[in-house]
Amino acid sequence: MCGITGYIGYREAYPIVINGLKRLEYRGYDSAGLMVCDGNAVYLKKTKGKVSDLEEITKEIPKEGTIGIGHTRWATHGVPNDVNSHPHISSSGNLVIVHNGIIENYDTIKKELISRGYDFQSDTDTEVLVNFIEEIKKKEKCKLGKAVQLALTQVVGAYAIAVYDKEKPNEIVVAKLGSPIAIGVGEENEEFFIASDASPFVEYTKNVIYLEDGELAILKKGKEIKVRKIKDDQLVDTNIQKLQLNLDQIEKGGYDHFMLKEIHEQSKAIKDTYRGRMIANEGLIKMSGIDDNLLKFINANRIIIIACGTSWHAGLVAEYLFEDLARIPVEVEYASEFRYRNPVIRTNDVVIAISQSGETADTLAAIKLAKEKGAFVFGICNVVGSSIARETHAGAYTHAGPEIGVASTKAFTTQITVLTLIALKLAQEKGTLSKSAINNYLQTMQQIPNQVDEMLKSDKEIKEIAEVYKNATNCLYLGRGFNFPVALEGALKLKEISYIHAEGYPAAEMKHGPIALIDENMPVFVIATKKGHYEKVVSNIQEIKSRKGKIIAIVTEGDKTVTEIADHVIQIPETEEALTPLLTTIPLQLLSYYIAVMLDKNVDQPRNLAKSVTVE
Ligand code: F6R
């Protein structure tokens, strides 16, 4: 978590740094700070609160400086306050650092530094790191780059850092291990941009270098960038990539919130995800990551899916898809549990890792563990060039475009889209579905984007339902089969942005415990689509009704039975049961969104959360 930005070049650094922080605020938003230098004087400001608070207190700082670094924080060590905010300065006042990640052995280093006379203002691991670099610089009488490198060889943990030295006012040193860092390269190396992802510099340059783990770079205006390995000091070839990102993709485009924009982008995002990967009327599915590794998938004893949060819910949908359509056994694992419990991985197991950001620390660590145990690991990521995309043996991008709202929306539906295509491809190759069944699925899939659009147009009833239940303190979400994971996802969306307690359950499990919670104050959101064990779900609804629970049901259009019993119904268009999660998800996202807006919550930046969880 945390976002870092930086600039060194010929332009005013302040607007680049502060606007960059606004774009990275999804990564953390409990405090923010920046440093700007005009080659002589250094101006540093930091504060608890949002980037807008930082902007407020930096109105007066001289803006001529052409070097700057900035930080937006998600607290790990030390509560969010002014002192713990970044940048941090070394004891001499010469070195300035911003850091994303955690230094695990900071306490040992801190004690050592205290014994040498250092004192500390903050509770952070980052202040320890900057003083450690200073100590090494003094002791070894070396330059900043070397001191950073030597310090990092002794550090345990994860970091993306940018360090500035007042004694060397024309360079910034950056380094990475476990947390992302992108470097934008200007024309003739006359300027460099630093950021946790490329969005802060998209309007300035399309040339980007993504540092790999264990790499360090020294950025000097007008000089070719040099990237070296921290451990063995070897220079590595710099791989300058072309950025596939436009400004309008990272702006709100007239919507009140990124979340609403991203909910509305889903029809396009789903289409972009399957575009070029299927020809529906020919029954053709083409995905190079799968095609190139087809035998591994076909001969798989089982597929193990690892992910966190919403991506884990998409993995659960995939369990139903792969088992039902392609008859491959699937286990879905929380990455954070998988990595810590010595999992059994056998030959012919295939691991699929799912991650929107491609940076989730637990998923990344689980991938590394699976690889160590000899597994073939396939990644499904949204962010191109992300750590998980690079760490996996092969993969497929979701092509959802940037997702900035902290609550995941289009990432979920596009992950399901990719997973459905993979399941169908494997079903085709294994012969577990007939040609006509596959054609039917693909053709039905092509209708989904329009159906999503239609549903988004008629959100009046969803607003009305939100109005009725916005003051609920607890909610239940129930679904069966393909829609059980959607129930989990619906509950997660509500709790993370409105702070209303909500639980998702397989509908039939309700009678084994949660039914005790049902009374006239309990709203129960039930997914009751036509072909999804409909009669059984109807019985579950009756059980709730007879205990006076309030039923909000998501039904297939034309539904009669549930419509008669439920307090409110939301209709989805008719589709194949396996594809219903792509539709049933939409009203649940909207409901959470409207409830959070009505409660005046910060929809795009819910408390305590951050978009990419790069801490373990
Ligand atoms: C929920 C949400 C999180 C993420 C989780 C995994 O709305 O956004 O639960 O899904 O942190 O993130 P990724 O997919 O980036 O690995």
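In each ligand, atom 1 is the first atom listed, and ligand 1 is the first ligand listed. Counting from 1, the numbers follow the sequence of the chain as shown.
Contact residues for ligand 1 (protein heavy atom closer than 4.0 angstrom to any ligand atom): Cys308, Gly309, Thr310, Ser311, Ser355, Gln356, Ser357, Thr360, Val406, Ala407, Ser408, Leu492, Lys493, Glu496, Val613.
For the residue pair Tyr210/Asn239, the side-chain donor-acceptor check at 3.5 Å is not satisfied. Side-chain contact check for Thr413 and Gln266: at least one donor-acceptor pair (N or O, by modelled atom type) lies under 3.5 Å.
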Before giving the answer on side chain to side chain donor-acceptor pair (under 3.5 Å), spell out for Asp453 and Ser267 the whole-Å C-alpha distance, their side-chain angles and the decisive distance to 0.1 Å.
CA-CA 6 Å; Asp453 260 344; Ser267 63; 3.1 Å; yes

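Cation-pi geometry between Arg73 and Tyr29 is not met at under 6.0 angstrom from the ring centre and within 45 degrees of the axis. Both cation-pi conditions hold for Lys252 and Phe258: the charged atom is under 6.0 angstrom from the six-membered ring centre and inside a 45 degree cone around its axis.
Heavy-atom contacts from other residues, nucleotides or ligands closer than 6.0 Å to NZ of Lys48 number 12 or fewer.
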